[in-house]
Enquirer: 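What follows is a structure written as C-alpha cells; I'll ask about it next.
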Amino acid sequence: MAPKKSKKPMLLSRTRPPTVRPKPVALSAKATRNLIRSHHRLLKKKAQASQAGDEALVRKLDAQIQSHGGLESYQLASKLGQSLERGGDSSKVLIDWIDPQLRKLRDSHGLKLRVLEVGALSTKNACSTHGCLDVTRIDLNSQGPGILKQDFMERPLPRGDDERFHILSLSLVLNYVPDALGRGEMLKRCVTFLTDQPPNGSSTSITPRLFLVLPLACVKNSRYLTESRLQDILQSLGFALAKSKETSKLIFQLWEYTQDPKPRPFKKEMLNPGKVRNNFAVVIK
C-alpha cells in the first residue's frame with residue numbers, strides 16, 4: 001500500500017472569510033461575541049471541507065460566511081469586541097513588558113525597535129503610537145492606510161537583518177489558523193523574521209521577542225494542547241518564556257529568542273481528556 005502524501009499547511013488566505021462590505025451597524029456585546037464565534041465555527045468547517053476536497057461544501061460555507069458579512073464584518077466585530085475577545089488593546093501588555101528596554105532607547109538619539117504586527121486591525125494601538133517602535137502592520141484584509149494587505153505565510157523571507165524585526169506580534173492570530181500543522185509552520189516561520197542586530201548599527205543590546213496572545217481555552221481547555229506542551233514546542237524552536245499573564249478570556253506570553261533551537265517533532269496526541277474540551281492543537285514536523 002502506497003504511503004499517504006503529507007498535506008501542506010494551508011495559507012491563511014485560503015481559510016479567512018471572503019471580503020464583502022457589511023452595512024454599518026451597532027453591535028451589542030452579545031452580538032459581537034456571537035458573530036466572532038460564528039465566523040470561527042464556519043471557518044473550521046470550511047477548512048475541514050477543503051482538506052477533504054469537498055468543493056461543493058466549501059462553496060456552501062463561503063455563502064454562509066458572506067451572509068454574515070465576510071471578513072470585514074468579522075474585523076468590525078473584533079474591533080468592537082476588544083474588551084471581550086482581545087482583553088482591550090493587547091499591545092499595552094507588550095509595551096508594559098518591554099518598557100525597560102524602551103527606556104534605554106529613549107536616550108539613544110531616536111533609535112527604534114522594529115516590530116512586525118501580524119493580523120493588525122488598527123494603526124492607533126499602543127505599540128503603533130510608541131515613539132521607540134517602528135511598526136510594520138500586515139493583515140489579510142487591510143483596514144486602511146498603514147496596514148499592508150499580506151498573508152504572513154506568503155511574506156517574502158528576509159534577505160538580511162535589515163529586513164528582520166526585533167519583535168514579532170501574534171495577537172489572536174495563531175488560533176485563526178484552521179489546522180494544527182499550519183499553526184506549527186507559523187511558529188517555525190517566526191524565527192526567520194527575528195534578529196538581535198541593534199537598529200542603525202548602535203551598540204544597544206537587543207533581545208528578539210515573540211509576543212503571543214491566545215484565547216485562554218486554547219491552552220486551558222484543549223484535549224491536545226496544554227501550557228506545558230506549548231512551552232515545550234516553543235523551547236524546541238529556540239524560545240524561552242520571559243513573561244506570562246492570564247485574564248478570564250486570554251493568555252498573554254512574551255517569548256525571548258535564545259537562538260539555541262533543539263528541533264524535535266510534536267504530534268497531535270491526547271493530553272487532557274474530556275468531553276467538553278476543544279480540539280485546539282499545534283503540530284511540529
Side-chain angles (χ1 to χ4, degrees), residues 9 12 33 36-37 40-41 43-44 78 81-99 117-119 127 152 167-191 193-194 207-285:
L12 287 178
R33 288 194 298 268
I36 291 172
R37 289 169 183 167
H40 280 279
R41 284 195 297 268
L43 288 173
K44 182 178 179 180
S78 293
Q82 290 281 308
S83 62
L84 300 169
E85 295 294 322
R86 294 202 169 197
D89 176 7
S90 63
S91 70
K92 291 180 180 178
V93 177
L94 171 61
I95 295 299
D96 181 57
W97 281 346
I98 64 173
D99 185 63
E117 185 179 8
V118 182
C127 69
F152 174 65
I167 300 170
L168 201 156
S169 172
L170 296 181
S171 179
L172 293 181
V173 172
L174 191 68
N175 57 296
Y176 207 103
V177 181
D179 61 273
L181 179 58
R183 295 174 197 127
E185 290 298 313
M186 175 172 277
L187 290 177
K188 287 164 64 177
R189 203 167 206 266
C190 289
V191 171
F193 284 89
L194 290 171
T207 301
R209 295 177 171 99
L210 170 65
F211 181 58
L212 182 65
V213 184
L214 285 168
L216 189 62
C218 289
V219 294
K220 290 290 189 178
N221 195 40
S222 169
R223 298 179 181 89
Y224 306 106
L225 188 70
T226 62
E227 285 186 81
S228 177
R229 171 55 62 89
L230 181 61
Q231 185 161 341
D232 288 343
I233 289 172
L234 283 159
Q235 285 179 342
S236 77
L237 297 177
F239 290 96
L241 184 61
K243 300 282 186 179
S244 185
K245 170 185 174 180
E246 293 178 14
T247 67
S248 61
K249 294 181 181 296
L250 302 174
I251 182 167
F252 302 78
Q253 294 183 332
L254 185 66
W255 295 87
E256 295 182 348
Y257 184 48
T258 66
Q259 303 186 55
D260 182 27
K262 298 177 176 62
R264 53 173 289 205
F266 290 88
K267 61 183 180 179
K268 185 176 180 179
E269 57 185 335
M270 187 70 70
L271 301 172
N272 199 16
K275 290 184 178 180
V276 297
R277 303 194 187 281
N278 63 66
N279 294 322
F280 189 82
V282 177
V283 169
I284 301 286
K285 285 193 173 182

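Residue numbers count from 1 along this sequence.
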Enquirer: Which atoms form the tightest heavy-atom contact between I284 and R264, and what is the distance?
Expert: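 Of all heavy-atom pairs spanning I284 and R264, the closest is CG2-O, 3.7 Å.
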Enquirer: Establish, from distance only, whether the side-chain atoms of T258 and D260 form a donor-acceptor pair under 3.5 Å.
Expert: no
Enquirer: Using the side chain to side chain contact (heavy atoms under 4.5 Å, CB included) rule, take S244 and I251 through it: C-alpha gap first, then chi angles, then the decisive distance, then the call.
Expert: CA-CA 7 Å; S244 185; I251 182 167; 4.3 Å; yes
Enquirer: Going by side-chain hydrogen bond (donor to acceptor under 3.5 Å, both in side chains), name the residues that satisfy it together with N221, two or more places apart in sequence or in a different chain.
Expert: R277
Enquirer: Nearest 0.5 Å please: distance from the CG atom of L212 over to the OG atom of S90.
Expert: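 OG of S90 is found 10.5 Å from CG of L212.
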Enquirer: Side-chain atoms of residues 231-242: list all donor-acceptor pairs with protein atoms under 3.5 Å, sequence neighbours left out, distances to 0.1 Å.
Expert:
{"from": "S236", "atom 1": "OG", "to": "I233", "atom 2": "O", "distance (Å)": "2.6"}

Enquirer: With side chain to side chain contact (heavy atoms under 4.5 Å, CB included) as the test, would you mind laying out the steps for V177 and E185 before giving the verdict?
Expert: CA-CA 10 Å; V177 181; E185 290 298 313; over 6 Å; no
Enquirer: Ignoring hydrogens, what is the shortest heavy-atom contact between V282 and F280? Give both atom names and the distance.
Expert: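 In terms of heavy atoms, the two residues are closest at CG2-CE2, 4.3 Å.
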Enquirer: Using distance alone, with no hydrogens and no angle criterion, decide if N279 and R223 have a side-chain donor and acceptor under 3.5 Å apart.
Expert: yes
Enquirer: Fit a plane to each ring of F193 and F152, take the angle between them on a 0 to 90° scale, and name the class: parallel (under 30°), tilted (30 to 60°) or perpendicular (over 60°).
Expert: tilted
Enquirer: Please lay out, stage by stage, how Y257 and V191 fare under the test side chain to side chain contact (heavy atoms under 4.5 Å, CB included).
Expert: CA-CA 8 Å; Y257 184 48; V191 171; 3.1 Å; yes
Enquirer: For the residue pair Q253 and L230, establish whether any side-chain heavy-atom pair is separated by less than 4.5 Å.
Expert: yes
Enquirer: Do I95 and C127 have side-chain heavy atoms sitting under 4.5 Å apart?
Expert: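 They are in contact (side-chain heavy atoms under 4.5 Å apart), so the answer is yes.
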Enquirer: Work out which heavy atom in K267 is nearest to a heavy atom in V283; give both atom names and the distance.
Expert: C-CG2, 4.2 Å
Enquirer: Looking at CG of L214 and NZ of K249, how far apart are the two atoms once the value is rounded to the nearest 0.5 Å?
Expert: 15.0 Å
Enquirer: Working to the nearest 0.5 angstrom, can you tell me the gap between L187 CG and L210 CG?
Expert: 7.0 Å
Enquirer: Would the distance check show the side chain of R229 and the main-chain N or O of Y224 forming a donor-acceptor pair, the cut-off being under 3.5 Å?
Expert: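 Side chain of R229 to backbone of Y224, a donor-acceptor pair under 3.5 Å: no, none is there.
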Enquirer: Could you tell me which non-hydrogen atom of L172 sits nearest to which non-hydrogen atom of P215, and how far apart they are?
Expert: CD2-CD, 3.4 Å
Enquirer: What distance do E117 atom CD and I167 atom CD1 have between them, rounded to the nearest 0.5 Å?
Expert: 11.0 Å
Enquirer: Any side-chain heavy atom of R183 sitting closer than 4.5 Å to one from D179?
Expert: no
Enquirer: Quick test of your reading: applying salt bridge (Lys or Arg N to Asp or Glu O under 4.0 Å), list the pairs with at least one residue in residues 233-248, sequence neighbours left out, ordered by first then second residue.
Expert: K220-E246
Enquirer: If we ignore hydrogens and angles and just use 3.5 Å, is the side chain of T247 paired with the main-chain N or O of L250 as donor and acceptor?
Expert: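 Flag set: sc T247 to bb L250 pair under 3.5 Å.
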Enquirer: How close do C190 and L170 get, heavy atom to heavy atom, and via which atoms?
Expert: SG-CD1, 3.7 Å
Enquirer: Would you indicate whether the side-chain heavy atoms of C218 and N175 approach each other to under 4.5 Å?
Expert: yes
Enquirer: Are side-chain heavy atoms of L271 and L225 found at a separation under 4.5 Å?
Expert: no
Enquirer: Say you draw a straight line from CG of L194 to CH2 of W255; how long is it, rounded to the nearest 0.5 Å?
Expert: 14.0 Å
Enquirer: Can you tell me if S171 uses its side chain to pair, donor with acceptor, with the backbone of V213 under 3.5 Å?
Expert: no
